[in-house]
Amino acid sequence: MSRYFLPLSVFVVMAVFLGIGLTLDPKEVPSPFIGKPAPEFSLPRLDNPQANISPADMKGQVWLLNVWATWCVSCRAEHPTLVSFSRQNQLPIVGLNYKDDNGEARRWLQRLGNPYYANAVDADGRVAIDWGVYGAPETFVIDKKGIIRYKQIGPVTPQALSDTLLPLIEKLKGEAA
Amino acid sequence: MKFWMAFTLTSLLLMGFSASAEMKVLTFKTPEAEADYRQLTAELRCLVCQNQTLADSHAELALDLKQQTYDMISEGKSPTEIKAYMVQRYGDFVLYKPPFQLNTLLLWLGPFLILALGLTTLLRFVRRQKAEAKNNKASETASQTEELQHAHDLLTDKDKHS
């Protein structure tokens, strides 16, 4: 009996580890920014290039930073979700228009609806690198103190919104500024 | 035939031109800076195509990160500073060689643990085999002497009868 014990336990240990491996998505690199202050930037606004927008403007409220571009297919997929979410007036969504054409981006917002409080134009993608973005779309949840609390990698789906984002936003809104 | 050969050759040549047109020539102040750049882009991971280094990858993000590396080197930043900058933004995963720290302990020492486990198992197995072989030999010689005695008895017995 005991001669079967060793191979069996080796098998069980391996099965558990491989099983855990199956549930992980290697494409999702956890952000080291969670719990850290949001990196500062000051970028021209898409609707008015003369004016700038920066995270400091958003201090005191819970807000989202959504990285998007018109060339990004998944951004197109998440756009209707963002538009309908913005109609609930839960919190401001700031767009980071990532390496995009300004004219194209404006046309897209006119045609598909504009869920954004404001859009920052990150033409060369430097700010995105500063925020550790490695692909669009990505959505950061920033609390009242300007701390990044969560990062959604990939499109914001209705399910991600109701399961993860909304409960978190609710909790963060209750925190002191 | 001749036409097709000429056609293929020309198109190959053109392909070569269009490929090289995309290359950007980077100039460095010192050979050391260039060496640093090569070393860094070979050690940093492209996060889009995860099994490629920045140097190997032509993904948009890899190009941007290479540009960032180049700019930081031009500003006189040291390779350690540049690596710290990347790790701060993308985590340890951006490094091809994981750092030796508490949460990577098993990763670094695991192979040696398994080697040690294998060696002890092998050693125990060999020892047991040896011990068994010795036992077998002992019992073999014992049975042999017994048989010889028996044969001898038979022979002497036979002698007596004849």
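The model shown is predicted, which means the values in this text are computed figures rather than measured ones. Chain letters run A, B, ... following the sequence lines, proteins first, then strands; residues in each count from 1. When reading the values below, keep in mind they use all heavy atoms of this one structure, side chains included, and skip hydrogens, waters and symmetry mates.
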Against chain A, work out which of B:E60, B:R89, B:Q88, B:M86 has the most heavy-atom pairs shorter than 4.5 Å and name it. B:R89
Over all atoms of both residues, closest heavy-atom pair of A:P32 and B:G91: CG-N, 3.3 Å
Cluster question for you: counting only ILVMFWY and a side-chain heavy-atom cut-off of under 4.5 Å, with indirect links fine, are A:V62 and A:I93 together? yes
Interface moiety of B:Y90 toward chain A, non-hydrogen atoms closer than 4.5 Å: both
For atom CZ of A:R76, is the number of surrounding heavy atoms from other residues, nucleotides or ligands below 6.0 Å larger than 12? no
For atom OH of A:Y117, is the number of surrounding heavy atoms from other residues, nucleotides or ligands below 6.0 Å larger than 12? no
According to a hydrophobic-cluster definition based on side-chain heavy atoms being under 4.5 Å apart (Ile, Leu, Val, Met, Phe, Trp, Tyr only), do B:V94 and A:I34 belong together? yes
Where on B:V87 is there a heavy atom nearer than 4.5 Å to chain A: the side chain, the backbone, both, or neither? backbone
Check step by step if side-chain contact (heavy atoms from CB on, under 4.5 Å) holds for B:D71 and A:R126. CA-CA 12 Å; B:D71 291 349; A:R126 280 303 168 88; 2.4 Å; yes
Same hydrophobic cluster for A:V141 and A:L65, using side-chain heavy-atom links shorter than 4.5 Å among ILVMFWY? no
What's the separation between atom OH in A:Y134 and atom CZ in B:R45, rounded to the nearest 0.5 Å? 12.0 Å
Heavy-atom closest pair, residues A:V133 and B:L61: O-CD1, 3.6 Å
So for A:D124, is it side chain, backbone, both, or neither that comes closer than 4.5 Å to the heavy atoms of chain B? backbone
Does atom CG of A:L22 have more than 12 heavy-atom neighbours from other groups under 6.0 Å away? yes
For A:K99, which atoms come within 4.5 Å of any heavy atom of chain B: side chain, backbone, both, or neither? side chain
Take atom NZ in B:K83; do more than 12 heavy atoms of anything else shown fall under 6.0 Å from it? no
